[in-house]
Structure formats: C-alpha cells, structure tokens
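Below is one structure; the comments refer to it alone.
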Amino acid sequence: MKIGIDLDECLAEFIFGFLNYYNNKYKTDFEFKDFKHYDLWKTIGGNRESAVKEVYDFYDTSHFKNLPVIFLSRTSINELKKDNGLFVITSRQNDFIEKTDYWINQNFPNKFSDIIFTGEWNNNGPKTKKSDICDRLEIDMFIEDNLDNALSCAKESRKVLLLDKPWNQNGSLPRGVNRVYNWNEILENYYQLNR
C-alpha cells in the first residue's frame with residue numbers, strides 16, 4: 001500500500017512552534033484553539049503577505065528547527081513503514097526543502113520513500129495540488145488536516161483520514177473521508193482497510 005502523509009499538524013506541531021515564536025516576539029497570547037482557519041493571518045491579523053513573511057522569519061529560528069513531533073506519530077510511522085511505501089506530501093514552500101529534509105531526517109530517519117513539496121505557499125514558482133500528487137503516486141490512503149485538501153484527495157480508490165483540528169470543523173465529510181482524533185485511530189483505520 002502507498003500512504004501519503006501531510007507534514008504540518010500530522011507529523012510536526014507547526015502551529016505550536018509558530019506560536020512559541022510569534023507570542024514571544026510580539027508579546028501576544030494566541031493559543032492553538034484560536035486557529036479556526038489555517039490561514040494564519042485570519043487569526044493573528046495582517047494579510048497573506050505579512051503572514052508568509054512571519055513564516056519565513058520563523059523558519060530561521062530554533063523554534064522551527066526543534067518543532068515537536070505529533071504525539072504517537074513516530075511509533076505509528078514505524079508500524080506503517082513495515083509493509084507500506086510512505087510519502088510526505090506537504091504544502092510548504094520550495095525555499096524550505098533543506099530545512100524540512102533536516103527535520104524529517106532527525107525525527108523520522110529512513111521512513112519515507114519521498115518528500116514532495118506542492119509549493120502552495122510559493123511566492124514565485126510552480127504550485128501543485130495534493131490531489132494531483134496523490135493521483136500521480138497512486139496513493140491508497142492519505143492523512144491530512146486541511147479539510148479542502150482532504151475533500152479534493154478523496155476518491156473511491158483512496159481512503160482519506162482527516163486529523164481533527166480546530167480549523168477543519170466546517171463541512172460534512174463524504175464517504176471515504178473519516179475524521180480521526182489521533183495516531184491510534186489512524187492505525188485502527190489502516191488495519192480495517194487491510195483485514
């Protein structure tokens with residue numbers, strides 16, 4: 001089986017790290033639960049350009065280099081790696097390939113067949129949809145926290161697991177997209193698919 005996995009908020013606690021950086025820098029008190037949208041500027045203020053600049057600044061800090069790993073993701077990835085091809089499919093900018101590769105190799109060494117960047121947040125350069133990547137790689141199961149990406153990647157031949165977050169509560173889930181609350185539930189869904 002081929003399994004695609006989003007990076008931020010599925011493997012890496014991006015918002016947690018970003019909030020440590022941002023709240024410290026600006027003496028604010030934003031919390032994880034405040035993010036009803038993953039578009040950062042809809043919570044912290046400003047616009048897309050200012051939020052992208054903050055993310056670029058964040059990537060140059062120890063807060064980014066030391067992003068925590070999502071609870072139980074390491075042991076679950078070890079389990080899934082035994083019999084499957086695993087692919088990270090991330091919306092991160094191409095500018096962060098080197099730093100992202102470093103983080104993944106520190107936290108999930110030799111676990112992924114490939115790390116694919118969609119470039120969704122690129123200021124310049126190509127952008128690719130996660131659904132197109134899933135189709136090209138023939139992904140059988142995809143793990144994601146963004147509702148729009150989850151819905152666009154869902155198809156009869158692909159199971160999509162939506163990891164529950166404050167920003168993905170709006171909208172009903174179609175058949176083939178299951179809401180999960182942690183990595184234990186991701187593994188349970190995987191085992192059910194392989195019975």
key: For Asn47 against Trp41, the heavy-atom pair lying closest together   = O-CB, 3.5 Å
Minimum side-chain heavy-atom gap Asp95-Tyr59 below 4.5 Å = no
query = Taking all atoms of both residues into account, what is the closest heavy-atom pair of Ser113 and Phe87, and its distance?
reply = CB-CE2, 3.6 Å
ask   = Counting only N and O atoms by type, is there a donor-acceptor contact under 3.5 Å from the side chain of Asn182 to the main-chain atoms of Asn184?
value = yes
ask   = So does Lys2 pair up with Asp140, basic N to acidic O under 4.0 Å?
value = no
message = So that I know where these two stand, are Phe35 and Trp167 an aromatic pair - ring centroids less than 6.0 Å apart?
response = no
remark   = Correct closest heavy-atom pair for Val177 and Ala150 would be CG2-O, 4.1 Å
note = Nearest heavy-atom contact between Lys130 and Ser91 is CE-OG, 3.2 Å
task = Mind running side-chain hydrogen bond (donor to acceptor under 3.5 Å, both in side chains) on Tyr26 and Glu54 for me, showing each step along the way?
result = CA-CA 11 Å; Tyr26 293 104; Glu54 285 297 342; 2.3 Å; yes
key: Min side-chain heavy-atom separation Ile133-Thr118 under 4.5 Å   = yes
key: Check ion pair Asp132-Arg136 (N to O, under 4.0 angstrom)   = no
message = Before we go on, tell me: are the rings of Trp103 and Phe14 under 6.0 Å apart, centre to centre?
response = no
query = Hey, what do you get for CD (Glu13) to CG (Asn20), rounding to the nearest 0.5 Å?
reply = 10.0 Å
